Amino acid sequence: MSRIVLATHNQGKVAELHRILGDLDVVGLDDFPGAPDVPETELTFEGNALLKARAIAAFTGLPAVADDSGLCVDALNGMPGVLSARWSGRFGAGGDRDAANLRLVLDQIADVADGRRGASFVCAAALVVPGGAEHCVEGRMHGTVIREPRGTGGFGYDPVFLPEGGTRTTAELTPAEKDAISHRGRAFRALAEIVPDALKAAGLA
Ligand code: IMP
């Protein structure tokens with residue numbers, strides 16, 4: 001069975017990609033001690049996803065998938081975008097940082113009228129095959145930023161994001177409901193269409 005490595009320590013993401021890729025053996029970075037922690041220095045989601053996938057393909061010698069994602073708010077000219085995780089200037093993982101990021105965005109657009117609070121979650125997913133080609137696809141989920149957080153599921157900006165046509169925030173959806181419409185689910189499913197041919201072309205499947 002072909003092996004593919006996803007550039008993350010998040011087992012939830014590994015499980016999600018495994019469900020989508022079906023008969024491929026998907027592993028995460030926990031299986032590769034010493035794998036580089038690649039700084040996201042590019043200005044686009046695509047640039048960062050490719051940067052990470054290239055580094056992990058080079059380190060492991062395996063086909064590598066990496067994703068980069070964030071929230072793009074219309075009233076902020078597409079920001080926080082690639083800076084979503086660091087928007088409030090706090091570093092390190094966890095609820096505090098997520099809550100500070102979310103609160104800052106709410107405060108920044110406090111005066112923006114209800115009809116102008118459009119936003120999109122965006123995810124770029126890259127595949128790099130050692131000695132083979134590079135691919136990158138994008139998934140988006142459109143919606144609006146509400147005024148106060150609702151729901152306890154998800155992470156990051158989920159409690160203030162209302163998907164288009166829905167009545168619950170992405171923090172009020174089940175994981176399966178979110179996967180079905182999310183930027184990451186869409187990007188991973190688009191990448192799944194490319195993976196078999198990309199591996200075949202490199203003689204790996
Ligand atoms: P990264 O792709 O791990 O760099 O995540 C970037 C940041 O974007 C996260 O820390 C969140 O703040 C935000 N983000 C990305 N995807 C989601 C999502 O599905 N829900 C909520 N926030 C998200």
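These figures come from a predicted structure and were not determined experimentally. Note that ligands are numbered from 1 as they come in the structure, with each ligand's atoms numbered from 1 the same way.
- The salt bridge (Lys or Arg N to Asp or Glu O under 4.0 Å) pairs that include a residue from residues 149-158 are Arg150-Glu172, Asp158-Lys178, where partners are two or more places apart or lie in different chains.
- With Trp87, Tyr157, Phe45 as candidates, the residue nearest to atom 22 (N) of ligand 1 on a non-hydrogen basis is Tyr157.
- The ring-ring contact (aromatic ring centres under 6.0 Å, His included) pairs that include a residue from residues 163-205 are Phe121-His183, where partners are two or more places apart or lie in different chains.
- Proximity of Asp158 to ligand 1 is established by a heavy-atom distance of less than 4.0 Å.
- Checked by distance only, ligand 1 and Asp98 stay at 3.5 Å or farther apart across all their nitrogen or oxygen atoms.
- Under the 4.0 angstrom criterion for non-hydrogen atoms, Gly70 is in contact with ligand 1.
- Using a 4.0 Å cut-off between charged nitrogen and carboxylate oxygen, Asp179 and Arg19 count as a salt-bridge pair.
- Residue contacts with ligand 1, taken as heavy atom pairs separated by less than 4.0 Å, do not involve Phe161 at all.
- Residue Arg86 does not touch ligand 1, judged by heavy-atom distances below 4.0 Å.
- Residue contacts with ligand 1: Thr170 is excluded, as none of its non-hydrogen atoms falls under 4.0 Å.
- Using modelled atom types and a 3.5 Å distance limit, the side chains of Arg97 and Ser88 yield no donor-acceptor pair.
- Few gaps surround CG on Asp107; more than 12 heavy atoms of other groups in view lie less than 6.0 Å from it.
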